[in-house]
Amino acid sequence: MLFKAFRRNEERDLDLANMPNHIGVIMDGNGRWAKKRGLPRSAGHKAGAESLKKIVTEANNLGVKYITVYAFSTENWKRPKAEVDYLMDLLMDYLINAEKTLAGENVRIRAIGSRKELSEEMQRQIKKTEELTKDRSGIVMNIALNYGGREELLHSAKMLCEAVKNGEKSPEEITEKDIEEGLYTAGQPDVDLLIRTSGEQRLSNFMLWQVSYAEMVFVNKLWPDFKPKDLIECIRVYQGRGRRFGGI
Ligand code: IPE
Ligand code: IPE
Ligand code: MG
């Protein structure tokens, strides 16, 4: 596996010592991709799901440790019910098939976001997929599903308030680490590289805490057109950036 990653990186001139540990992806532009072809938006989402499989596989082959993909935001409930239902069905299929399709890739799958608004069937499937893939050794894939950065911070704040109320902590003792431990990504590294497709340049409530020092790369391609070679190009751009974290 390591050898494979090494060989592939060599081929593409990527600096193995400077790979992003954690990549965040705002997969945007499915609707516009479909519209351009005179197809229903659902066709764009379907094509987007295919794109996702290839990108996760490539990231894993490149030795990236974590990838978080924005699949459904807390704001996406505003869409027409038929589109929401379609997206939920697609995500359900993705979770069910992930066991088979991503088995060879050794991907560990987790869902991040608020679960209580999801159907019971979806909640059960998330648990099942997480359990089935938890001992794998490859990339960790966080599927942001009913995820919102503000909701996540609110969730963390509530947990801390509980701890204070129960006398386990005093407000003075609270640190950044405590907030982090209440996030859905607790224990995972911050996002190093954030990619958004479709030309939009905004966060749309994605990982507000974790992207504090991420390098952002905005790509004009629509998500279904985003190919493994585009991921490599984004990593190359990332590697060309000087990260200072406030230093000099
Ligand atoms: C991203 O594509 C997928 C989700 C938000 C679920 P969009 O559906 O936002 O596509 P556009 O932005 O309308 O083209
Ligand atoms: C962000 O895309 C959410 C996902 C990719 C799941 P949107 O298409 O919903 O974001 P806005 O509305 O353009 O900000
Ligand atoms: Mg969009």
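Remember, it's 1-based here, ligands and their atoms both numbered in the order they're listed.
Here the CG atom belonging to Leu62 is positioned 6.5 Å from the CG atom belonging to Leu14, to the nearest 0.5 angstrom.
Here the shortest heavy-atom pairing between Ala49 and Tyr94 reads O-CE1, 4.1 Å. Shortest non-hydrogen contact noted between Thr129 and Ala98 is CG2-CB, 4.5 Å.
Using a 3.5 Å distance cut-off with no hydrogens or angles, the side chains of Asp15 and Gln239 do not pair a donor with an acceptor.
Residue-and-atom listing of protein N/O/S atoms under 2.8 Å from the Mg ion (ligand 3), sorted by chain and number: Asp28 OD1.
For the pair Ile195/Asp230, no side-chain contact is recorded, criterion being any heavy-atom separation below 4.5 Å from C-beta on. With a 4.5 Å cut-off on side-chain heavy atoms, Asn205 and Ser73 do not count as touching.
Residue Arg202 approaches ligand 2 through these ligand atoms, each under 4.0 Å from one of its heavy atoms: 11 (P), 13 (O), 14 (O). Against a heavy-atom cut-off of under 4.0 Å, Arg196 is close to the following atoms of ligand 2: 2 (O), 10 (O), 11 (P), 13 (O), 14 (O).
Listed as neighbours of ligand 1 are Met27, Asp28, Gly29, Asn30, Gly31, Arg32, Arg41, His45, Ala71, Asn76, Arg79, Leu87, each bearing a heavy atom under 4.0 Å from the ligand.
Under 4.0 Å is where a charged nitrogen must lie from a carboxylate oxygen, and between Lys221 and Glu233 no such pair does. Looking at Lys169 and Glu181, no side-chain N of the basic residue comes within less than 4.0 Å of a carboxylate O on the acidic one, giving no salt bridge. In summary, Lys128 and Glu131 do not engage in a salt bridge, as defined by a charged side-chain N under 4.0 Å from a carboxylate O.
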Checklist entry - Between Glu130 and Lys127, is a salt bridge (charged side-chain N to carboxylate O under 4.0 Å, His left out) present by the stated rule, with each step listed? => result CA-CA 5 Å; Glu130 285 184 339; Lys127 275 197 195 143; over 6 Å; no
